[in-house]
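Worksheet for the structure shown next.
Treat the numbers as computed from the prediction; the structure is a model and nothing was measured. Heavy-atom basis, side chains included; hydrogens, waters and symmetry copies ignored. Sequence lines set the chain letters: A, B, ... in the order given, protein chains first and strands last, and positions in each chain run from 1.
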There are 2 protein chains.
Amino acid sequence: MRADAQRNRDRIVETARQVFREQGYDASLDLIAKQAGVGPGTLYRHFPTRDDLIDAVMQAWVDHVEETTEKALAHEGGPRERLLHWFEEYVRLISVHKGGPAKITGAMGDDSSPIRSKCEVLQSAGGRVLDDLRAEGAVRDDVTPLQVARLVGGVATIADSSDLEVGTVRPMLEVIADGLLTDPR
Amino acid sequence: MRADAQRNRDRIVETARQVFREQGYDASLDLIAKQAGVGPGTLYRHFPTRDDLIDAVMQAWVDHVEETTEKALAHEGGPRERLLHWFEEYVRLISVHKGGPAKITGAMGDDSSPIRSKCEVLQSAGGRVLDDLRAEGAVRDDVTPLQVARLVGGVATIADSSDLEVGTVRPMLEVIADGLLTDPR
DNA sequence: TGCTAAACGGAGACAGTCTCCGTATTGTCG
DNA sequence: CGACAATACGGAGACTGTCTCCGTTTAGCA
């Protein structure tokens, strides 16, 4: 890639990161272009669709996901405690941007989604948490990680669109956790 | 209201019902106006916001909700069976139009939403199902009907945006149900 | 230094939302 | 019946966002 192209690409991604954080994923792309000091054409050449741009923006976020997963796996406590801890981290992770929960949860299980690769990190993270608990016989095994992701993602989506406080989701996550755990609470 | 105003209002609602069913709730309002044979100004005078129009369209749907609720309350079977039956009916009800689950679940608990009155029917219906089960001591009492609506609405929202088959949601609803029920399964 | 492939960027086509205001219709009252 | 408010209509157009085309510029190589 030519040097100027690389420079512009970087500026667009950096600008997009800020604008998305402030205004959500449906912010105007032309505005992002202008703010980055490039023409709309340049933005659209680098990122033909909105999702392609979101994908690029998420690169740093992916690292954060991986780090958080490690911590969640090492979390102390009983199965219920660990499961809930992961759920809360998960909601926090996908809610960093407005509209994020819907976007990410929607992309899961959709092989053709441009941001699918990014969701995979999350999905495998959830899979690991679940596998660990399953190995102890703590959670039922007739539910797939994808289904769990959709359950928790659904709650996060509603919380996001209704501007609910993060703490508000806890009781709902508990219901899901209790529905998944095998042993009596 | 003047006779011509009433006539136009009716035509707009009827047209909107069809267009929403075909294209979802984000269909173009100017197109609905044109299709109804009125100017955009007329549509916007009758319905200042999109939600106001959706509210009017939903009037017939409300009757359907009430009828379905009666049946669900009369449904035979154990607590788990009855709860799940209601969940499935609920998902079906809010998913009649594309985008419906997000729209309806988002409006719940939002006192200022124009479509709130319509959601109330659903909410009280859910409350009745839950109350009945609670009276038998079958479901935990530390979870509010609103939280249950959000849990189930979340699943419906994801299913709607991911174009999932209706049958696909059953396992997820089971998790929620099991998380709510008090007795061992 | 000159050339060419690569990249830029902005004008503008297109679509949707929503408003303003001149025009038309309704229904009432003398 | 006829006229005159009050009410309602509707479309032109302002505004915003998406996305493309193509004439112009620039990087990087020989």
Side-chain angles (χ1 to χ4, degrees), chain A residues 1-57 97-100 102-103 106-107 112-115 161, chain B residues 1-57 97-100 102-103 106-107 112-115 161:
Chain A
M1 187 184 300
R2 240 169 62 172
D4 55 343
Q6 183 67 56
R7 193 172 45 230
N8 276 331
R9 192 183 188 283
D10 291 347
R11 295 188 58 178
I12 291 169
V13 172
E14 192 43 50
T15 306
R17 194 194 314 284
Q18 291 169 20
V19 175
F20 282 156
R21 187 178 295 275
E22 284 163 21
Q23 307 188 17
Y25 284 129
D26 54 352
S28 162
L29 297 186
D30 276 25
L31 179 128
I32 289 174
K34 183 183 288 187
Q35 207 131 319
V38 304
T42 302
L43 186 148
Y44 281 98
R45 195 166 345 90
H46 283 296
F47 309 101
T49 73
R50 179 178 294 272
D51 275 347
D52 289 320
L53 179 54
I54 292 173
D55 187 62
V57 165
H97 295 130
K98 188 131 186 71
K103 192 115 236 157
S112 64
S113 168
I115 63 170
S161 68
Chain B
M1 188 184 299
R2 240 168 65 173
D4 56 342
Q6 182 67 57
R7 192 173 45 230
N8 276 330
R9 192 183 188 284
D10 291 348
R11 294 188 58 179
I12 291 169
V13 172
E14 192 42 50
T15 306
R17 194 193 315 284
Q18 291 170 20
V19 175
F20 282 155
R21 186 177 295 274
E22 285 163 21
Q23 306 189 16
Y25 284 129
D26 54 352
S28 161
L29 297 186
D30 277 26
L31 179 128
I32 290 174
K34 183 183 286 188
Q35 207 131 321
V38 303
T42 301
L43 186 148
Y44 281 98
R45 197 167 343 92
H46 283 297
F47 308 101
T49 74
R50 180 178 294 270
D51 275 348
D52 289 319
L53 179 55
I54 292 173
D55 186 64
V57 165
H97 295 130
K98 189 131 187 71
K103 192 116 236 157
S112 64
S113 169
I115 63 169
S161 67

Seminar exercise, completed: With sequence neighbours left out, the residues meeting side-chain hydrogen bond (donor to acceptor under 3.5 Å, both in side chains) with A:Asn8 are none

For this session: Measure from the side chain of B:Pro40, starting at C-beta and using heavy atoms only, and say which of D:dC9, C:dG16, D:dA12 lies closest.
Result: D:dA12

Exercise. Starting at the 5' end of DNA chain C and moving along, which residue's nearest nucleotide shows up first, B:Arg45 or B:Arg50?
Worked result: B:Arg50

For this session: Please name all residues satisfying side-chain contact (heavy atoms from CB on, under 4.5 Å) with B:Ser161, sequence neighbours left out, ordered by chain then number.
Result: none

Exercise. B:Arg7: what forms a salt bridge (charged side-chain N to carboxylate O under 4.0 Å, His left out) with it, not counting sequence neighbours?
Worked result: none

Output a table of nitrogen or oxygen pairs between the protein and nucleotides 26-30 of chain D separated by less than 3.5 Å.
unit_1	atom_1	unit_2	atom_2	d
D:dT26	O2	A:Arg2	NH1	3.3
D:dT26	O2	A:Arg2	NH2	3.4
D:dA27	O4'	A:Arg2	NE	3.4
D:dG28	OP1	A:Ala3	N	3.0

For this session: Could you list by number each residue of residues 29-37 of chain B showing a heavy-atom separation from DNA chain C of less than 4.0 Å, or answer none if no residue does?
Result: B:Leu29, B:Asp30

Which pairs of donor and acceptor atoms, one on a side chain in residues 10-21 of chain B, lie under 3.5 Å apart (sequence neighbours left out)?
unit_1	atom_1	unit_2	atom_2	d
B:Asp10	OD1	B:Gln6	NE2	3.1
B:Arg11	NE	B:Ala36	O	3.4
B:Arg11	NH2	B:Ala36	O	3.1
B:Glu14	OE1	B:Arg17	NE	3.4
B:Thr15	OG1	B:Arg11	O	2.7
B:Arg17	NH1	B:Val57	O	2.9

For this session: Determine which pairs satisfy salt bridge (charged side-chain N to carboxylate O under 4.0 Å, His left out) with at least one residue from residues 22-44 of chain A, sequence neighbours left out, and list them in order.
Result: none

Contacts under 3.5 Å, N or O only, protein and nucleotides 28-30 of chain C:
none

Acceptor/donor pairs from residues 38-47 of chain A side chains to any protein atom, 3.5 angstrom cut, sequence neighbours excluded:
none

Problem set entry | Sequence-distant partners of A:Ser28, side-chain hydrogen bond (donor to acceptor under 3.5 Å, both in side chains), two or more places apart | none

